[in-house]
2 protein chains.
Amino acid sequence: MKTKARPEPKTKHDYAAQAEIIKAMAHPTRLLILNSLKKKEVCVCELRDLVGDDISTVSKHLSILKNAGLVAARREGNWLHYRLICPCVLDFTGCIAGIKR
Amino acid sequence: MKTKARPEPKTKHDYAAQAEIIKAMAHPTRLLILNSLKKKEVCVCELRDLVGDDISTVSKHLSILKNAGLVAARREGNWLHYRLICPCVLDFTGCIAGIKR
DNA sequence: TTGCTATTTTGCCAAATTGCCAAATAGATG
DNA sequence: CATCTATTTGGCAATTTGGCAAAATAGCAA
């Protein structure tokens, strides 16, 4: 039987890596995109309609999410379908919802 | 018996509010502070030593966390002790740790 | 009151972020 | 090849953020 794992203390580097991912989520449009991908993959053009910004703006948000490792794309003909890689990032919402200022 | 609650669709305003809180967490120093408060409240001067930045910088990070509703302060003489209001925000870390780029 | 300590606020500046438009790219199709 | 569609990239201005230092504030004690 294993002894209970004791986590190493986190370094500044660890926190920087975490912050990169959290920063990618820290934008209203990107939260909307992530939530839109909760149940199914969605095409960029659909996301543009949902978001309502210029397509180039939406694309930039997607590349930020992609670089953070939060979403991935699959090409199908001319369309790119984005999907959520780690749906658990949306569980966060439940905790956040309980915070009142 | 109640029927299962069906969440309302989130508005841009909802996402903006969520983003505010997440943005407050999206900085290495602020993640370090939040984790330092995981088990017990901590004085500002201790946090300054942990973080290593100028005291005014630490104070600014604390005010960002406070405005986001993530921490609160309790005065004891000259010292201010900060504590984590919603420890659940640290559960997030588990999901984040699974993300690889 | 004065002085002392802990903390916050203000001012400043460099760096990063945001969003739009235009241009470039990738893939499909003729 | 040319052309069309979907998407990304580059450039730019406006705004926001981060960190230090100086000044201001809050509470305690003499």
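Letters A, B, ... are given to chains in the order of the sequence lines, protein chains preceding strands, and every chain is numbered from 1. Hydrogens, waters and symmetry mates are skipped; everything else that's a heavy atom, side chains included, is used.
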Engineer: For dT16(D), does OP1 or OP2 lie under 4.0 Å from any side-chain N or O of Lys23(B)?
Structural biologist: no

Engineer: Check whether any side-chain nitrogen or oxygen of His61(A) sits under 4.0 Å from OP1 or OP2 of dT17(C), and answer yes or no.
Structural biologist: no

Engineer: Among all residues two or more places apart in sequence or in another chain, which pass the ring-ring contact (aromatic ring centres under 6.0 Å, His included) test with Tyr82(B)?
Structural biologist: none

Engineer: Name all pairs fulfilling the ring-ring contact (aromatic ring centres under 6.0 Å, His included) condition that reach into residues 15-69 of chain B, sequence neighbours left out, sorted by first residue then second.
Structural biologist: His27(B)-His61(B)

Engineer: Could you list all the ring-ring contact (aromatic ring centres under 6.0 Å, His included) pairs where at least one residue sits in residues 28-60 of chain B, not counting sequence neighbours?
Structural biologist: none

Engineer: Does anything in residues 27-42 of chain B reach DNA chain C, meaning a heavy atom under 4.0 Å, and if so which residues?
Structural biologist: none

Engineer: Specify the separation, in whole Å, of atom CD1 of Ile22(B) and atom P of dT17(C).
Structural biologist: 17 Å

Engineer: Check whether any side-chain heavy atom of Ile85(B) sits under 4.5 Å from a side-chain heavy atom of Ile99(A), and report yes or no.
Structural biologist: no

Engineer: Hey, are the side chains of Leu90(B) and Leu84(B) touching, using non-hydrogen atoms and a 4.5 Å cut-off?
Structural biologist: yes

Engineer: Just do the side-chain contact (heavy atoms from CB on, under 4.5 Å) check on Asp14(B) and Thr11(B) with the steps written out, would you?
Structural biologist: CA-CA 5 Å; Asp14(B) 293 331; Thr11(B) 65; 3.2 Å; yes

Engineer: How about Leu32(B) and Leu47(B): do any of their side-chain heavy atoms sit closer than 4.5 Å?
Structural biologist: no

Engineer: Stepwise, does the disulfide bond (SG atoms under 2.5 Å apart) test hold for Cys95(B) with Cys86(A)?
Structural biologist: CA-CA 8 Å; Cys95(B) 170; Cys86(A) 298; 5.4 Å; no

Engineer: Leu62(A) versus Leu80(A): any side-chain heavy-atom pair under 4.5 Å?
Structural biologist: no

Engineer: Using whole Å, report how far CD of Glu20(B) lies from C1' of dT16(D).
Structural biologist: 11 Å

Engineer: Could you pull out the protein-nucleic contacts involving nucleotides 13-15 of chain C (nitrogen or oxygen on both sides, under 3.5 Å)?
Structural biologist:
none

Engineer: Does the side chain of Thr93(A) reach to within under 4.5 Å of the side chain of Lys10(B), using non-hydrogen atoms?
Structural biologist: yes

Engineer: So if I define the base as every atom that isn't primed, P, OP1 or OP2, how would nucleotides 4-13 of chain D read as a B/S/- string at a heavy-atom cutoff under 4.0 Å?
Structural biologist: -BSSBBBB--

